[in-house]
S.K.: 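Have a look at the structure that comes next, please.
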Amino acid sequence: MNNSSPVTEASKPAFSLCVYCGSRTGTQPEFAAMAALVGTWIGRHGGQLVYGGGRNGLMGILADAALAAGARVIGVIPKALVEKEWAHTGCTELHVVENMHERKRIMAEHADAFLALPGGIGTLEEFFEVWTWRQLGYHDKPVGLLNMGGYYDSLLAFLESSVKDGFMNDWLMGLIRTGSEAEPLLETLVQAAGMTPVATRLDQI
Ligand code: AMP
């Protein structure tokens, strides 16, 4: 499904960010506000959002905010999840694919960088996959983890303990960028991808 005219050189997004996040909203209202802020930031900086294509949870909030802020939004959803995750027909492009592997491949191909927001096992799986792919040299795109409100503190502590125990190393940890604030982390990721966000400040929205 395609709700847009073809991308030309002039209309090409300044960057394309793949965002993984919960198909639920979580219990704290701050999570929803953060997802909306990320979507708005992408739109207001001339970016394109690539995500899982659903309307549920933080995923839907993120996509709605990005669309409202003028972003191109590419949603990629397996056909088996079209109803379960309430496929977002408002996406600029909605790709309904055969399976989860195709979903992840298409999402990765369309992205200049990856960012995981708070989420559940789906989010974690996607985050770990792009991180391990980076470790193996399958891609060289920046990977970020938004540790909002300390949501990922215990995960990061575990990963550090894995370094201490010799199953990982500092180089591997250095492949991910983490931060508790959305805006600086978004800027870091986009710049690390060699792209330039269009300069519009969030406080001018
Ligand atoms: P969750 O973080 O569990 O709420 O899921 C967020 C998104 O990840 C949803 O769109 C799920 O369909 C997706 N997801 C669930 N399992 C997987 C998986 N094994 N690989 C990739 N994505 C997944």
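Counting starts at 1 for both ligands and their atoms, following the listed order. Just so it is clear, the values below take in all heavy atoms, side chains as well, and ignore hydrogens, waters and symmetry mates. In this chain, residues are counted from 1 in sequence order.
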S.K.: Going by the atom numbers of ligand 1, which of them fall below 4.0 Å from some non-hydrogen atom of Met59?
M.R.: 7 (C), 9 (C), 10 (O)

S.K.: Any N or O on Met100 sitting closer than 3.5 Å to an N or O of ligand 1?
M.R.: no

S.K.: Examine distances only and state if a side-chain atom of Arg103 and a backbone atom of Val76 form a donor-acceptor pair shorter than 3.5 Å.
M.R.: yes

S.K.: What about the rings of Phe127 and Trp133, do their centers lie closer together than 6.0 Å?
M.R.: no

S.K.: Charged N to carboxylate O below 4.0 Å: is that the case for Glu160 and Lys164?
M.R.: no

S.K.: Which of the atoms in ligand 1, numbered in the order shown and given with their element, are less than 4.0 Å from a heavy-atom of Ser23?
M.R.: 1 (P), 4 (O), 5 (O), 6 (C)

S.K.: CG/Leu115 to CD1/Ile176 distance, rounded to the nearest 0.5 angstrom?
M.R.: 11.5 Å

S.K.: To which protein heavy atom is atom 2 (O) of ligand 1 closest, and what is the distance rounded to 0.1 Å?
M.R.: Thr123 OG1, 2.6 Å

S.K.: Just jot down the ligand 1 atoms closer than 4.0 angstrom to any heavy atom of Gly22, in number order.
M.R.: 2 (O), 4 (O)

S.K.: For ligand 1, note which part of Leu81 has a heavy atom under 4.0 Å away: side chain, backbone, both or neither.
M.R.: side chain

S.K.: Return yes when Glu129 approaches ligand 1 closer than 4.0 angstrom through a heavy atom, no otherwise.
M.R.: no

S.K.: May I ask you to list the atoms of ligand 1 that are less than 4.0 angstrom from any heavy atom of Cys21?
M.R.: 6 (C)

S.K.: Any ion pair linking Glu126 and Lys104 (charged N to carboxylate O, less than 4.0 Å)?
M.R.: no

S.K.: Between His139 and Phe114 (judged by ring centroids, cut-off 6.0 Å), do the two rings come close enough to count as a pair?
M.R.: yes

S.K.: So for Gly119, does at least one of its heavy atoms come nearer than 4.0 angstrom to any atom of ligand 1?
M.R.: yes

S.K.: So, 4.0 Å and heavy atoms of Gly53: is ligand 1 close enough to count as a contact?
M.R.: no

S.K.: Heavy atoms only: which of Arg103, Glu125, Lys84, His101 is nearest to atom 13 (C) of ligand 1?
M.R.: Arg103

S.K.: Any idea which heavy atoms bring Asn147 and Tyr152 closest together, and the distance?
M.R.: OD1-N, 2.6 Å

S.K.: Touching ligand 1 at all, Gly54? Heavy atoms, strictly under 4.0 Å?
M.R.: no

